[in-house]
There are 2 protein chains.
Amino acid sequence: MTKSMSSDYSDSHLLRALREACRISGMRLTPQRLEVYRELARSEDHPSAEELHQRLLERMPSLSLDTVYRTLATFARHGLIHKLDTAESQGRFEVADDTHHHLVCSRCKEIMDFHWPGFDQSGVPEEIAHWGRIERKNAVIYGICNKCLKKDRTG
Amino acid sequence: MTKSMSSDYSDSHLLRALREACRISGMRLTPQRLEVYRELARSEDHPSAEELHQRLLERMPSLSLDTVYRTLATFARHGLIHKLDTAESQGRFEVADDTHHHLVCSRCKEIMDFHWPGFDQSGVPEEIAHWGRIERKNAVIYGICNKCLKKDRTG
DNA sequence: TTCGCAGATAGGAATTATTATCAAGAGGTC
DNA sequence: GACCTCTTGATAATAATTCCTATCTGCGAA
Ligand SMILES: [Mn+2]
Ligand SMILES: [Mn+2]
Ligand SMILES: [Zn+2]
Ligand SMILES: [Zn+2]
């Protein structure tokens with residue numbers, strides 16, 4: 001979720017989406033699920049299951065890592081969150097909200113969101129018009145972030 | 001590597017790139033490395049380390065899976081190959097050759113190459129102009145491939 | 001050519017990330 | 001409050017990748 005969207009207003013619209021998905025699919029809205037969802041929604045760094053678990057332990061000391069994994073898988077199955085495509089060993093997640101794209105620092109692996117309406121509105125090349133049913137498209141931009149560039153120069 | 005590029009001419013230009021990278025970096029060109037590279041270069045399906053190992057065992061029965069993993073990591077470090085970004089548990093690889101983009105079937109997970117010069121030549125949005133040093137950008141398009149759509153209808 | 005050795009390999013053991021199993025716990029309904 | 005079902009936490013299991021180490025080899029130097 002992008003910084004500009006992290007308002008209380010937005011949080012409640014996400015919570016409504018969660019309640020709605022529960023209502024439709026019969027999935028129970030347990031305290032664990034609510035907290036996992038809220039923590040992921042407030043995160044801007046595309047955390048892993050383990051990172052989420054760490055962050056949640058203060059509020060829910062008995063929450064098991066397995067429950068975090070199971071909950072994330074459940075949410076992903078219902079389209080509430082996305083498991084990101086990365087080359088890292090740990091999976092990373094984000095809530096499925098506005099369409100956006102990713103900047104990846106190949107040094108520190110930080111993943112930043114950005115918007116690109118020009119890209120979103122463009123079609124797809126002729127070459128792949130008959131491949132099948134196209135559902136969405138994303139751009140990923142790789143490079144070295146300013147923080148890492150600065151480290152290179154000073155350290 | 002894309003179909004249209006899999007000619008003998010192209011293979012030898014890739015092998016030259018490999019020899020050159022070895023010369024420059026002091027990396028030894030062992031039979032194992034040569035075979036891993038050639039197998040990956042001739043593959044059009046973005047194989048995993050394990051798939052490459054299976055394919056190579058006929059030619060090199062003593063080749064260990066660990067060597068395939070180490071070799072792929074070495075090649076990636078030298079920029080000869082790319083480890084793909086995916087949400088799957090196994091890593092997938094391709095030789096770093098012409099710039100291209102990926103079509104991903106969310107049903108069968110097949111990854112197809114396509115070209116998109118219009119995208120390649122476009123700049124990046126103003127929003128991220130000061131993020132750091134940008135090195136490359138890629139598009140990923142998700143959907144359901146024709147094969148899987150057909151299965152849905154008949155099966 | 002041969003030599004010497006830093007760097008590479010094979011194979012098994014270890015580690016890391018994730019998923020499965022299962023007994024116990026809790027929400028929703030009557 | 002009993003009952004049914006879904007969910008949880010603890011533990012065990014699995015899958016993917018990396019580490020260990022004894023042995024081997026590509027390749028620069030002589
Ligand atoms: Mn994001
Ligand atoms: Mn490719
Ligand atoms: Zn960085
Ligand atoms: Zn498919």
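Only a predicted model underlies this, so the values are computations on that prediction, with no experimental measurement involved. Throughout, protein chains are lettered first and strands after them, A, B, ... in sequence-line order, and every chain is numbered starting at 1.
Each of A:Ala49 and B:Met60 lies near DNA chain C, and the nucleotide nearest B:Met60 is the one positioned closer to the 5' end. Nearest-nucleotide positions on DNA chain D for B:Arg70 and B:Thr30 put B:Arg70 closer to the 5' end. Across the interface with DNA chain C, nearest-nucleotide mapping of B:Ser89 and B:Arg28 shows B:Arg28 to be the residue nearer the 5′ end. In this structure, A:Pro31 and B:Gln32 both approach DNA chain D, and ranking their closest nucleotides by distance from the 5' end singles out A:Pro31.
Picking from D:dG9, D:dC19, C:dA10 the nucleotide with the shortest atom distance to the side chain of B:Asp66 gives D:dC19. Here the nucleotide nearest the side chain of B:Arg33, chosen from D:dT8, D:dA16, C:dT9, is C:dT9. Picking from D:dG9, C:dA10, D:dA16 the nucleotide with the shortest atom distance to the side chain of A:Ser62 gives D:dG9. Closest to the side chain of A:Tyr69, out of D:dC19, C:dA10, C:dA17, is C:dA17.
Looking only at atom types and distance, the side chain of B:His100 has a donor-acceptor partner in the side chain of B:Glu94 under 3.5 Å away.
Exactly one of A:Asn146, A:Asp152, A:Ile144 qualifies for a side-chain contact (heavy atoms from CB on, under 4.5 Å) with B:Arg133. That residue is A:Ile144.
In this structure, the CG atom of A:Leu56 is 11 Å from the P atom of D:dG9, given to the nearest Å. Taking atom CZ on B:Phe93 and atom C1' on D:dT17, their separation rounds to 10 Å, with Å as the unit. Summarising the geometry, the separation between NE2 on B:His53 and P on C:dT9 is reported as 12 Å, rounded to the nearest angstrom. Residue A:Phe75 contributes atom CZ, which lies 11 Å from atom P of D:dT7 at whole-angstrom precision.
Of the side-chain N and O atoms in A:Thr67, one or more sit less than 4.0 angstrom from OP1 or OP2 of D:dG9.
Ring geometry for B:His102 versus B:His46: interplanar angle over 60°, hence perpendicular rather than tilted (30 to 60°).
Put simply, the side chain of A:Ser43 never gets that close to the backbone of A:Asp45: no donor and acceptor are under 3.5 Å apart.
Among the protein residues, A:Gly91 comes within range of the sugar-phosphate backbone only, with heavy atoms under 4.0 Å from sugar or phosphate atoms but none that close to a base.
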